[in-house]
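The structure under discussion appears below in the form of structure tokens.
Numbers restart at 1 for each chain; the letters A, B, ... are given by sequence-line order, proteins then strands.
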Amino acid sequence: MSYNPSEIESKWQKIWDEKGAFEPLDDQQLEKKYILSMFPFPSGRLHMGHVRNYSIGDAMARYYRKQNYNVLHPIGWDAFGMPAENAAIKHGRHPKDWTYSNIDYMRKELNALGLSFSKTREFATCDELYTKWEQSFIIKMFESKLLFRESTTVNWCEDCHTVLANEQVEEGCCWRCDNEVELKEMPGYYLDIVKYADELLEDLKELEGKWPTQVLGMQSNWIGKSQGLEFGFKLSTKSQEKLGGAFKSFEVFTTRPDTIYGVTYTALAPEHPIVKALIKAGLLADDVVEAIANIANMSEIERAKANKEGYDLGISVIHPLTGETIPVWTANFVLASYGGGAVMSVPTHDERDFEFAKQYNLPLKVVVDGGEEGSAYTGEGKLINSELFDGMKNVKAKAKIITYFEEQGLGKGTTNFKLRNWGISRQRYWGAPIPFVHCDACGLVAEKVENLPIALPEDVEITGEGNPLENHPTWKNCACPSCGKDAIRETDTLDTFVQSSWYQFRYATHPSKWETTGIDREDVNYWLGVDQYIGGIEHAILHLLYARFFTKVLRDLGFIENIKEPFENLLTQGMVLMDGSKMSKSKGNTVDPDGLIAKYGADTARLFTLFAAPPQKELEWNDSAVEGAFRFIKKLYDRKSKVTLNSLPTIEHSRLNKEEKLARAKVYEAVKKSTDVYEKTFAFNTLIASCMEALNALDKQKNEQVWSEGMYILLHLLEPITPHVCAELSEVLFNSENLAHKIKVLEEVFVQDTITLGVSVNGKRRGEIEVESGASKETILEQARASVAKWLENKSIVKEIVVPNKLVNLVIK
RNA sequence: GCGGAUGUGGUGAAAUUGGUAUACACGCCAGACUUAGGAUCUGGUGCUUCACGGCGUGGAGGUUCGAGUCCUCUCAUCCGCACCA
């Protein structure tokens with residue numbers, strides 16, 4: 001009978017379903033593995049990226065299950081988010097209905113791929129039960145002051161009609177819709193991730209060698225720790241008077257305290273309170289006010305692209321060490337949100353300051369030897385024009401000057417981070433409501449835990465205009481949890497990245513406890529950390545940073561213990577490409593997994609994805625290579641006729657002929673390779689190649705024992721990759737016995753009677769010899785010399801090198 | 001500018017970690033079986049040369065008996081961040 005994937009695959013999927021074959025066991029004494037692929041957004045259909053992600057994870061899960069590990073391999077749905085609302089706007093479908101029906105469809109698709117997920121632990125993040133516990137964490141964070149509400153300048157996407165976190169802005173545009181982000185002042189909720197910046201940075205060290213260096217680098221870059229000096233510039237008496245006594249000084253931050261004597265001006269961000277005060281008091285010329293307003297209205301990219309621009313504010317400060325009077329400017333390149341929104345400017349030793357100073361003819365003063373007035377010298381050197389620090393190496397002077405400022409009470413050494421607090425408010429409907437209430441009498445009040453979940457109202461109109469929760473006629477009216485008077489419910493919902501920040505703990509919590517607890521400490525202690533996490537590089541910062549942060553917060557709040565990092569090992573899989581570019585609907589270069597499975601079956605889809613490239617690399621789609629994968633499975637299936645023994649035979653290796661020995665060697669090479677691949681390199685492509693070689697070698701001999709052994713082992717090795725066909729053949733041929741235990745490597749099969757050695761002369765390959773496996777060095781050399789006699793004529797041999805089992809190299813002169 | 005990678009046949013990619021470069025697969029060529037094949041099987045396939053040979057892992061050096069692998073410099077491509085003081 002010829003290979004019929006659809007029949008075999010549906011048969012086994014049904015068997016696995018009925019047996020609950022992939023449920024983790026409750027016995028926490030067992031050795032465990034937690035294999036996790038990033039959960040999908042239920043967009044409606046799987047794409048090839050999912051197929052790749054889940055094929056990798058599934059191979060690992062199946063591998064460890066076969067090694068008798070207790071394996072947790074769950075799946076769920078990252079189910080809140082904009083697309084559900086967009087579908088509502090476009091097609092008039094309710095987001096909830098749209099989401100859950102997509103989940104139903106995609107669940108079937110996952111099943112058709114034969115993925116070995118636990119079914120009892122599946123959930124969607126929009127399940128009210130999930131929202132309930134998430135809201136309880138949020139309230140706890142509020143009580144612990146890790147969550148707060150404030151009004152500040154935020155990234156606003158007009159298209160999505162919502163605020164975005166810094167991590168969600170890519171080159172000034174919205175990560176989801178690519179619309180240019182505007183800056184806008186508005187209130188919102190924030191998580192104090194900056195408080196954890198140092199720990200998030202520090203713990204990256206523990207992930208070295210376990211996470212891709214690229215991801216570690218990106219995270220550490222994003223956190224952006226820098227150390228320096230923070231100090232105040234006192235405003236001149238005249239300037240203080242000008243400002244009506246409202247300001248005495250302003251703080252600046254510098255990483256170059258060594259250049260402190262080179263300060264010739266200072267610059268404030270256009271949003272700085274002093275600038276605002278000057279404008280309010282009418283102390284700036286109309287055209288300057290207008291220009292400042294223009295800058296403030298610019299988006300991030302516009303500002304980044306714009307030329308340097310600034311205005312003298314007509315006020316001055318006193319240099320803390322020299323007592324000199326220094327002008328204060330406002331400049332478009334000073335960021336409001338970093339280092340207090342003010343800088344000291346040393347044009348001779350900072351590129352930006354130099355450019356600006358040149359443009360506006362501001363004074364220059366060289367303070368590091370090696371510098372000159374014609375450019376900004378940022379290299380090392382001895383300090384000059386720096387009073388008591390003259391002659392000191394600038395690198396050393398940094399610390400000295402900080403100490404001096406501290407002694408004099410002028411300033412202090414500080415650490416600054418690029419990382420900003422995580423804005424978690426979204427002005428949208430399809431998300432978890434933020435469980436707070438605004439009360440005229442009590443202010444901002446957290447909802448009572450017993451009232452959770454605060455669920456979304458179902459009767460909403462989703463038009464794309466405004467916030468549907470705010471527009472809902474009654475939902476936001478409620479009683480204040482504190483005083484009982486009429487109050488208003490918060491209408492912002494949580495960023496969906498909040499849901500994906502703790503799902504790894506939810507899966508680990510036994511489903512029987514889901515009603516009564518959000519995260520079970522004991523279960524989490526057993527299952528976490530995730531032994532292998534697999535997902536796309538696009539989450540290098542976003543999700544992976546948030547989830548790391550959440551883990552630390554949940555630990556500090558006592559929800560989990562002993563866990564520093566959620567994801568022990570991380571594999572970031574490459575994109576699936578077609579004709580060199582990312583598959584996308586708009587380009588029309590997609591491959592539909594359903595169609596692929598219908599044509600070739602899930603096993604071929606899985607085999608191809610793992611064979612075409614190592615998982616970390618991009619995968620270029622190739623239809624005829626898919627055919628090749630299909631051919632291999634057909635061939636494997638066809639060779640079942642060669643198997644005559646239904647268990648692993650004991651073979652007397654020495655009695656075999658050359659081809660038979662070679663076939664066995666290839667088979668056991670694949671066994672060796674398999675451990676390496678599954679546990680270390682994940683280079684499934686090489687394991688599959690090794691299995692192909694083994695099958696090719698088996699084909700070159702006729703020994704029934706060797707065939708039976710070979711198939712027994714190959715089916716075992718390939719089961720995690722092509723589970724259906726392997727399960728089928730294993731059942732028919734070996735009563736599935738070959739899938740039930742680990743295969744031992746028989747070293748004896750690698751011992752050969754004769755060995756082929758390459759012969760090189762001066763490192764160039766000139767010949768080849770075949771010697772008895774136990775041949776002496778002399779014998780080998782004798783043969784080697786004879787084999788390349790031609791090259792040795794009229795030459796003398798200077799050195800002879802014999803590398804056992806590899807080659808001979810003769811060095812001649 | 002900063003950070004991280006990657007450069008090997010026509011293509012996707014291997015190389016036991018310093019030891020016979022191009023395994024495995026796709027494609028291509030030839031042949032077999034066929035009424036036919038876009039099915040299947042067999043063989044061939046780095047470049048160059050009539051040949052002996054020569055040349056070959058982005059490029060240039062170096063270490064070594066021996067380098068895709070180690071070192072120095074350099075070029076190209078890709079990704080992330082980017083006026084963070």
Taking atom [atom1] in both [N] and [M], what distance in whole Å separates the two?
| N | M | atom1 | value |
| --- | --- | --- | --- |
| C28(B) | G10(B) | C1' | 8 Å |
| U42(B) | U48(B) | C1' | 29 Å |
| G9(B) | A21(B) | C1' | 11 Å |
| A23(B) | U6(B) | P | 23 Å |
| G18(B) | C70(B) | C1' | 8 Å |
| A36(B) | A25(B) | P | 28 Å |
| U69(B) | U22(B) | C1' | 15 Å |
| G62(B) | U57(B) | P | 16 Å |

Margin query: With the 90 degree cut-off around zero defining syn, does U17(B) come out syn or anti?
Written below: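 Syn, angle within 90° of zero.
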Next item on the list: Report the glycosidic orientation of G9(B): syn if within 90° of 0, anti in every other case.
Entry: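 Syn, since the glycosidic angle lies within 90° of 0.
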Interatomic distance, [X] [atom1] vs [N] [atom2] [rounded to whole Å]:
| X | N | atom1 | atom2 | result |
| --- | --- | --- | --- | --- |
| Lys225(A) | A85(B) | NZ | C1' | 18 Å |
| Asp353(A) | A85(B) | CG | P | 12 Å |
| Tyr637(A) | A39(B) | OH | C1' | 18 Å |
| Glu251(A) | A85(B) | CD | P | 17 Å |
| Arg766(A) | G66(B) | CZ | C1' | 14 Å |
| Gln219(A) | G80(B) | CD | C1' | 12 Å |
| Trp222(A) | C2(B) | CH2 | C1' | 15 Å |
| Leu335(A) | C83(B) | CG | C1' | 7 Å |

Next item on the list: Quick one: which residue pairs count as a side-chain hydrogen bond (donor to acceptor under 3.5 Å, both in side chains) with a foot in residues 605-619 of chain A, not counting sequence neighbours?
Entry: Asp58(A)-Arg606(A)
Next item on the list: Tell me which of Trp791(A) and Lys799(A) sits closer to the 5' end of RNA chain B, going by the nucleotide each one is nearest to.
Entry: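 Nearer the 5' end of the strand: Trp791(A).
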Notebook entry, point to check: More 5' along RNA chain B: Lys790(A) or Ala304(A), using each one's nearest nucleotide?
Noted result: Lys790(A)
Next item on the list: Please name all residues satisfying salt bridge (Lys or Arg N to Asp or Glu O under 4.0 Å) with Lys195(A), sequence neighbours left out, ordered by chain then number.
Entry: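 Expected list: none.
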Note to self: Regarding C81(B), can its base be found pairing with the side chain of Lys418(A) as donor and acceptor, where the two atoms are less than 3.5 Å apart?
What the structure shows: no
Check: Distance under 6.0 Å and angle within 45° of the ring axis: does Lys634(A) meet both against Tyr3(A)?
Finding: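 Checked: cation-pi criterion not met.
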Next item on the list: Could you identify which residues of residues 263-271 of chain A place a heavy atom less than 4.0 Å from some atom of RNA chain B, listed by residue number, or say none?
Entry: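 Those residues whose heavy atoms fall under 4.0 Å from RNA chain B, taken from residues 263-271 of chain A, amount to none.
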Side chains of residues 758-769 of chain A: which donor-acceptor partners sit under 3.5 Å, not counting sequence neighbours?
unit_1    : atom_1 : unit_2    : atom_2 : d
Asn762(A) : OD1    : Ile812(A) : N      : 2.9
Arg765(A) : NH2    : Glu768(A) : OE1    : 2.8

For the pair [X] and [Y], name the ring-plane relationship: parallel under 30°, tilted 30 to 60°, perpendicular over 60°.
| X | Y | value |
| --- | --- | --- |
| Phe405(A) | Phe231(A) | tilted |
| His543(A) | His539(A) | perpendicular |
| Phe250(A) | Phe233(A) | tilted |

Item checked: Lys/Arg-Asp/Glu bridge criterion (N-O < 4.0 Å) met for Glu782(A), Arg785(A) -> no
Next item on the list: Give a yes/no on whether any side-chain N or O of Lys634(A) is located under 4.0 angstrom from OP1 or OP2 of C41(B).
Entry: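 False: Lys634(A) side-chain N/O out of range (4.0 Å or more) of C41(B) OP1/OP2.
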Check: Given that both pair distances must be under 3.5 Å and the pair must be Watson-Crick or G-U, what runs of three or more consecutive pairs involve RNA chain B?
Finding: B:1-7 with B:75-81, B:10-12 with B:24-26, B:27-32 with B:40-45, B:46-48 with B:53-55, B:58-62 with B:70-74
Margin query: Each nucleotide in nucleotides 4-28 of chain B should get exactly one letter: B, S or -. Can you fill that in based on protein heavy atoms under 4.0 Å?
Written below: SS------BSS-B--BBS-BBSSS-
Check: Any side-chain heavy-atom pair from Phe333(A) and Asp353(A) closer than 4.5 angstrom?
Finding: yes
Check: Which part of the nucleic acid, if any, lies within contact of Ala336(A), taking any heavy atom under 4.0 Å across all strands shown: a base, the sugar-phosphate backbone alone, or nothing?
Finding: nothing
Notebook entry, point to check: Is the Phe611(A)-Phe632(A) ring centre distance short of 6.0 angstrom?
Noted result: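 Judged by ring-centre distance (under 6.0 Å), Phe611(A) and Phe632(A) do not meet the cut-off.
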Margin query: Is the distance between the ring centroids of Trp329(A) and Phe356(A) under 6.0 Å?
Written below: yes
Next item on the list: With Leu183(A) as reference, evaluate Arg303(A), Glu302(A), Met298(A) under the side chain to side chain contact (heavy atoms under 4.5 Å, CB included) test and give the passing residue.
Entry: Arg303(A)
Next item on the list: Keeping the roles fixed (side chain from His349(A), backbone from Val368(A)), state whether a donor-acceptor pair exists under 3.5 Å.
Entry: yes
